[in-house]
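Heads up: the structure comes next, in structure tokens.
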Amino acid sequence: MKIELDKTYEAKKFEDEIYKTWEESGFFNPDNLKNAKKPYCILMPPPNVTGILHLGHALENSILDTEIRFRRMCGYKALLLPGADHAAVATQARVEKELQKSGIKNPREELGREKLLEKIREYSENSKSTILNQIRKMGTSCDWSRFAYTFDETRSRAVNTLFKKMYEDGLIYKGYRAVNWTVRGQSTCSDDELIYEDEPVTIYTFKYSHDFPIPIATTRPETKLGDTAVAVNPKDDRYNKYIGQKFTVSVGALNPLTITIIADENADINYGTGAVGVTPAHSMVDFEMYQKNKEIGIIPVIGPDGKMTENAGKNYEGLTVLEAREKFVNWLKENNLIIKQEESIHSVGKSDRFNDVIEVIPMKQWFIDVNKIIPGKNKSLKQLMKDVFTTGHNGKNKKIIKITPDRFLNSYMQWIDNLRDWCISRQIWWGHRIPVWYRGDKIFIPKTITELYITRHGITDWNKEGKIQGTTDTPLDEDSISNIELLANKLKNEKIDIIISSTQKRARQTAEIINQKLKIKFETNELLIERNYGDFEGQNLEKVKMKYPEYKKDKINFDIPGEEETYKEVKKRIEEFIKYINKNYSGKKILIITHNAVARAFYMIMKGAKDTEASKYKLQQGEIEKYCILDGNNPKDYKQDPDTLDTWFSSGAWTFSTLGWPDKTKDFKKFHPTQWMQMGYEILFFWMARMILMTTYAIDDIPFEEVYIHGILRSKEGKKFSKSLGNSLDPIEIIQNYGTDALRLSLIKGIAPGNDAKFYEEKVLGARNFINKLWNISRYILMSSDYVKLIKKQPRPITLADEWILRKLNTLIESATKDLKVHNFSMTSEALYDFTWTDFADWYIEISKVEKGKNEILLYILQTLLKLWHPFIPFITETIWKNIDSRLLMISSWPKSNKTKSDVLIEFGKLQEIIIAIRNLKNEHKIDLKTIIDCHIESEKYFELIVNQIGIIESLAKVKLTNEKYKDVVHISDVDIYIEITINEADKQKQIRETIAYINLIEEKLNNKKFTQRAPEHIIDNEKKKLKSAYDLLEKLK
RNA sequence: GGGUUCAUAGCUCAGUUGGUUAGAGCGUUACGUUGACAUCGUAAAGGUCAGAGGUUCAAAUCCUCUUGGACCCACCA
């Protein structure tokens, strides 16, 4: 069978189909790698659900996938676990911004919690599915069946479990502390979420009053309305006599300020006035001083709305910070209290998401205590975070994390030293709600949370007509089934444990349709049924009511006589049902399919609503109402904390939450700790530090054995890619133009770990050209082969060229394997590139056109090359492989090197040297390379070589070898080439000069006694050899 | 203030523990379309490895300093 391939490789034609083949093969899932034993697990850094794939993702995916494909081929149980991050602040900020654009000025106020969350959920789901498809486009071989989302059920459970554990260990506390506050975002943010920008400011040096002995300086005069102390250095002779004294000053605040003079080593005698005005409420550093000197007190003068509070005094209350600043400065001026006023540059902290100036404000928030000794550990979180890089976790050598490049360790350690308690509560709504409830003032963290998802049956014909159905067994309307399926899809991600439905047909039927998707436990329960009791069903209300004489007496709460059930009886029935749940399904997630009146009863019980509100409640079909039962208690007495958790709290748990923790799953046992982690240096503190914190604490282990840090991509001008700069490149567009393989190769070739790299289209173009070269190499071999089959054993070499190429190939296998084991992607790709294009295509394939009968060897080299290249450029290699073998290249085994002779390298090198010398001569004399000229070669040393390789020389250099000596001769070391071209005398002289200089260089070395005494023997021998052939050459040239 | 990092050909970068006359791609120049490939071939030009000093038999590589750029952390009263 003749194989036909297109003249050029068109990525678009193959990539989607190939990815589909891989995915359907099931081998992305390590469970299907039956022969593999040793696990190799990598967690994908989960992309945020705020946008689309950018170049950074493309880089990460290229690196991750190259690594995992290599490991898979090496026989590991390779798992690349994909995920996505709900990215709390980032996502909410994005959606709010878009809503504002569409005219909703204050989304939180106008929509309310539930509706805004619904909008964000919608946006994030869209964004998630887009970005996941784009990750498929990158060729990433991750196990989609294990996909994890930081905000899904399993991950939420991990977050809640972790929170509870840390709270019980006293590591999480609720405290009143100064926090970073974004007025625009109306939320706290951590120290790491600030970006600092230099801005011009005015520094005012002033005195609180004329009597006050110490002048102080500030860039934030308005905060001085809340000063409670002045700190001076105890060694400062000017001021130390005042230490401990209190001064009362009136600066216009609500109450006169009592300023205590305190001692603090941090006050620099030589800087400014040498004294620091202390505003505990509005400065992190000052707050720490307050903690050491609680007696000085704390007066907040700025509120969460960014306006001055009552404490600031009547003149200032309600003013913005800037207005207050101006007014206070004016007051100081009027009273001649300003001593100096100077302009300066100041770096101002801003919120990276909301881009407004951060105010430091004291608040009651949740914190993680990083200094507290962990019960039973005798160490703080800070110490745990350091240990993994120094002594190893629990002092074990094996539990030291290897970081590449290790220079990042320095800044990590420095960061840990400066770490303050981590504020984890946020006032935004998109995120894990803090799993804490309050009963009055008491904090309550339940052991088990039973979750009820209440929904109604699907629509029946009777519903359509507005009839009361009561105990009838009306079936579902055919048209409504698709709506129920939609509902089922929504529920799929919620990890429901059991479905309980009313026994009535319409509910049972609904449950069955849903369970076709969920495939979980399903039971029916009589307590959930609807009786002939439809008096609150809306449009029939009046009619029904009028049937009963009691209605006139007691307008709302009345009993219905006869067989029908009263409202109170329904409530009783549901209370009984809840008892049943608590007894049998405590801690589970339960989907309840029931009827309107029953749903209402749930509402009344769970929310503790008054009976008079009953008729106002209606659950629409298709809607879900969620309730939590906390340790079997009725939720109506408990109020959940309204705040959410910092998104990095859930990210910190990533390496184990993705593997099913807190359950002791098979995955967790097999794959944790993970083998390799990869991330950009910009999230080292955000993410790596937090993963280490969480894992060492909760799992008592390291999260990963190795972490590989990559740099960021920059434009040709060295700028960051960003939408706002308008210089961003869309990876998807690049893929469409050049193919995924070209993009991947251009991202990986020429990068060093931890270093930034410039990226531009020409690089992709170069990679694309290479891809095409590889295609054509394959095309030539496959099309000109007598047969195509899998060559399992290295064929026996026959000629020198065979020996040479196999030697080169085996060296390549060795170096590629060695380098990939230490994640040296760039170097490996360059070595492969060089071999493929230069050694294989330019030399060996050309030789194969002269020396026939290389079918098997060519196929063998091609197959080996496809394997070696596969981790980098999976699509084209798999596409070509399809023509060779029916099994997937993806799971073929990584090549092993064979023994080969090494001495052929010198011989073949000489052959190349001869050919290049002749080509060069022709070029210099403007003779078409293809023109065959006569040539005579003499060499004592390489006589045999030349005789044996006449064919190759004649064909690659396009010469005819003759016995006739021409007058003109070219010398290269140990070989004389006589040709019918007049040799340029100047060239000859130049060559002589160069050779002499070279000889001098070596002689100088060899004459140096220290060199001959101390250098290793093989180095000296080598120098001697070099000298000898240089002399020979010089002799001939003369 | 503490720390990290970069400077190698016109451009973008490799150069693994010090050891051939320092490499690649792009670009440039010259020549070339015979059946794998013009997304190509053949060859050439182009570098005092930022500067100075040191360690060493030997330095682009290790150390110190200088110059110029990038970055991180803290402080910024």
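All heavy atoms count here, side chains included; hydrogens, waters and symmetry mates do not. Naming: A, B, ... by sequence-line order, numbering from 1 per chain.
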Whether A/S715 side chain and A/K719 backbone form a donor-acceptor pair below 3.5 Å: yes

Out of B/U4, B/G32, B/U16, whichever nucleotide has its closest atom nearest the side chain of A/D928: B/G32

Short side-chain donor-acceptor distance under 3.5 Å, A/E761 and A/Y738: yes

C1' spacing across the pair B/G1 / B/C76, given as an integer number of angstrom: 11 Å

Sugar-phosphate only, base, or nothing, as touched by A/K758 at under 4.0 Å among non-hydrogen atoms: sugar-phosphate

Nearest-nucleotide pick for A/N410, side chain only, options being B/G3, B/A74, B/U42: B/G3

Side chain of A/M827 (C-beta onward), nearest among B/G32, B/C37, B/G15: B/G15

P-based separation of B/U17 from B/U55 [nearest Å]: 23 Å

N/O (side chain, A/N920) to phosphate O (OP1/OP2, B/A44) under 4.0 Å: yes

Touch class at under 4.0 angstrom, heavy-atom based, for A/E199 against every strand present: nothing

Sugar-phosphate, base or nothing in reach of A/A275, heavy atoms under 4.0 Å: base

Gap in Å between the two P atoms, one belonging to B/U21 and one to B/G27, rounded: 31 Å

Sugar-phosphate, base or nothing in reach of A/G750, heavy atoms under 4.0 Å: sugar-phosphate

A/K773, nearest nucleotide to its side chain (from B/U12, B/U4, B/A36): B/A36

Nucleotide of B/G3, B/C76, B/G41 approaching A/S347 most closely (side-chain heavy atoms): B/C76

Nucleotide nearest A/Q414 (side chain, heavy atoms from C-beta), chosen from B/C37, B/U42, B/G3: B/G3

Polar side-chain atom of A/R919 near backbone of A/L956 as donor-acceptor pair, under 3.5 Å: yes

C1'-based separation of B/G51 from B/U12 [nearest Å]: 24 Å

Donor-acceptor contact below 3.5 Å, side chain A/T931 vs main chain A/I927: no

Among B/U39, B/C76, B/U16, the nucleotide that comes nearest once only the side chain of A/D819 is considered: B/U16

Distance between P atoms of B/U67 and B/A14 (Å, rounded): 26 Å

Sugar-phosphate only, base, or nothing, as touched by A/R768 at under 4.0 Å among non-hydrogen atoms: base

Sugar-phosphate, base or nothing in reach of A/L684, heavy atoms under 4.0 Å: nothing

Between B/U42 (C1') and A/R919 (CZ): distance, integer Å: 6 Å

Span that lies between the C1' atom of B/A43 and that of B/G54, in whole angstrom: 43 Å

A/E846 side-chain proximity, nearest of B/U39, B/A36, B/U42: B/A36

Each stem that RNA chain B is part of, given as range with range (3 or more consecutive Watson-Crick or G-U pairs, under 3.5 Å): B:1-7 with B:67-73, B:10-13 with B:23-26, B:28-32 with B:40-44, B:50-54 with B:62-66

Between B/A58 (P) and A/L1006 (CG): distance, integer Å: 14 Å

Centroid-centroid under 6.0 Å between A/Y708 and A/F825 rings: yes

Touch class at under 4.0 angstrom, heavy-atom based, for A/K1009 against every strand present: nothing

CD on A/E706 to NZ on A/K402, rounded to 0.5 Å: 4.5 Å

Lys/Arg N to Asp/Glu carboxylate O, A/K13 vs A/E10, below 4.0 Å: no

Sugar-phosphate, base or nothing in reach of A/K849, heavy atoms under 4.0 Å: base

A/K922 side chain to A/L929 backbone, donor-acceptor under 3.5 Å: yes

Touch class at under 4.0 angstrom, heavy-atom based, for A/F685 against every strand present: sugar-phosphate

Interatomic distance at C1', B/U61 relative to B/C49, whole Å: 10 Å

Sugar-phosphate only, base, or nothing, as touched by A/T273 at under 4.0 Å among non-hydrogen atoms: nothing

Sequence-aligned protein contact record of nucleotides 19-30 of chain B, with B where the base is within under 4.0 Å of a protein heavy atom and S where only the sugar-phosphate is: BSB--------B

Sugar-phosphate, base or nothing in reach of A/V822, heavy atoms under 4.0 Å: nothing

